[in-house]
Amino acid sequence: MSSRFEAGVADIPTGIPTLAGRLRGQLLPAALTPMHADGSIAVGDLERYAAALAGYGGVAVWAHTGRGPYLNAEQQTAVLRTFRAATDAPIVAGIAPAAAEATADPAPHMLRMADRAAQLGADALMVFPPPRYADAPDREIRLRALHEQIAEQAGLPLVLFLLHAEAGGYPYSLSLLRDLFSIPQVIGIKLATLDSAMSCQDVIRLIRAEFPGKLAITGEDRMFGPSLMWGADAALVGIAAAAGGLSARLLSSWYGDRREFVSISAAMDDFAYATFTAPMEGYVQRMMWAAEYEGLISSDAAHDPYGPKLPATERDQVRAALERATAFLAGTR
């Protein structure tokens, strides 16, 4: 399948290779959106939280972890402005269909969202797979057209998003990915397959073989260490929304001193086992609890009104896992 975006190196928009270079090897936490129980943003906590995440190589806002599909325009603006004021590092904004408009054509909302992100100072856009396209017989044609529209209109680098089914995603064929990677604005893909090692490996191998300039960005919270071993170039992960030090150490050990990598990967797996587990949509609340325990946000701002209600025992399990991770990091310094 061909795309009207078949282009040579000379046609790549200015700044896109530079951004890809800045993101390579970096950790980008998929940021939470501190919320009160009624779904309103806790502004003071958001400012404190953004400042805490400012030291990483970048940050992702409006992503699944930050409940991006549920944020209205005013909330999106507050979140991106706050993070833009807090950091000069690259900000990737998630571009998703509105959760409240599940049956509508997602393109108009996503294009407005992309424009808003560009105006507010985002450096790149991560394009969600619209659930409405999942069962369409012409799904791949629609997906190509959507990515091309966003690329043309926003004028920002794009990150593709291979998302698992429990979060509303679906597989992208390798032929579709080849077509999407041919769009000059596409700098890479976030892999968030959850538990499909085969899919994750297949895409990384495709990039290595045919698109070596593109980034394979791991979003594999439950396969974080392995995905780096398979060839991921960077990390954009919800598990770094709290306990970010563990994620940062995992990356630094892989790209630097690999003697620590195995033990740090085991510690990461332990924390992920407590936070990224069934019901999977509960991971946002679990990460909010972790952020609260770390002092990144207050208890009043640690609410996820859009996820399932979780038993108090899970809160205790998250605390115990965070304490183990903290003790591990303290013992390896």
Between [X] and [Y], is there a side-chain N and carboxylate O pair less than 4.0 Å apart?
X: R67; Y: E281; result: yes
X: D45; Y: R48; result: yes
X: D270; Y: R324; result: yes
X: R84; Y: D123; result: yes
X: D233; Y: R208; result: yes

Q. What's the verdict on side chain to side chain contact (heavy atoms under 4.5 Å, CB included) for Q26 and Y255, showing C-alpha distance, side-chain angles and the deciding distance?
A. CA-CA 10 Å; Q26 297 299 318; Y255 294 123; over 6 Å; no
Donor-acceptor side-chain pairing of [X] and [Y] below 3.5 angstrom:
X: H36; Y: D300; answer: yes
X: S196; Y: S199; answer: yes
X: Y283; Y: T65; answer: yes
X: D38; Y: S40; answer: yes
X: S298; Y: E292; answer: no
X: T33; Y: Q75; answer: no

For a 4.5 angstrom cut-off between non-hydrogen side-chain atoms, does [X] reach [Y]?
X: D179; Y: S175; result: no
X: T193; Y: E220; result: yes
X: L160; Y: V127; result: no
X: R222; Y: D195; result: no
X: L19; Y: P90; result: yes
X: W62; Y: M126; result: no
X: F261; Y: L250; result: yes

Q. Are L174 and L191 linked, directly or through other ILVMFWY residues, by side chains that come within less than 4.5 angstrom of each other?
A. yes
Got a donor-acceptor contact below 3.5 angstrom from the [X] side chain to the [Y] backbone?
X: W254; Y: M229; result: no
X: R286; Y: F276; result: no
X: K214; Y: V186; result: yes
X: Q285; Y: A302; result: yes
X: D138; Y: I141; result: no
X: H164; Y: E166; result: yes
X: Y133; Y: R142; result: no
X: T277; Y: A274; result: no
X: S265; Y: V262; result: no

[X] [atom1] to [Y] [atom2] distance, which is reported to the nearest 0.5 Å:
X: T326; Y: E294; atom1: OG1; atom2: CD; value: 6.0 Å
X: D115; Y: M113; atom1: CG; atom2: CE; value: 12.0 Å
X: K190; Y: H64; atom1: NZ; atom2: NE2; value: 9.5 Å
X: L246; Y: I239; atom1: CG; atom2: CD1; value: 7.5 Å
X: L194; Y: D221; atom1: CG; atom2: CG; value: 8.5 Å
X: Q317; Y: T275; atom1: CD; atom2: OG1; value: 11.0 Å

What are the two closest non-hydrogen atoms of [X] and [Y], and how far apart are they?
X: A248; Y: L27; value: N-CD2, 3.7 Å
X: P34; Y: M288; value: CA-CE, 4.4 Å
X: A86; Y: A54; value: O-CB, 3.4 Å
X: L71; Y: M35; value: CD2-CE, 3.6 Å
X: S247; Y: F224; value: OG-CE1, 3.7 Å
X: P130; Y: P97; value: CA-CG, 3.7 Å

I'd like to know whether [atom1] of [X] has more than 12 heavy-atom contacts from other residues, nucleotides or ligands below 6.0 angstrom.
X: R81; atom1: CZ; result: no
X: D257; atom1: CG; result: yes
X: Y273; atom1: OH; result: no

Q. So, is the end of the R319 side chain (NZ or CZ) under 6.0 Å from the ring centre of Y293 and within 45° of the ring's axis?
A. yes
Q: Kindly determine whether R139 and Y170 satisfy side chain to side chain contact (heavy atoms under 4.5 Å, CB included), including the steps that lead there.
A: CA-CA 11 Å; R139 180 171 83 187; Y170 38 83; 3.6 Å; yes
Q. Would V159 and L125 satisfy side chain to side chain contact (heavy atoms under 4.5 Å, CB included), going step by step from the backbone distance to the final call?
A. CA-CA 6 Å; V159 175; L125 308 176; over 6 Å; no
Q: Can you label the angle between the Y70 ring and the Y306 ring as parallel, tilted or perpendicular, going by 30° and 60°?
A: parallel
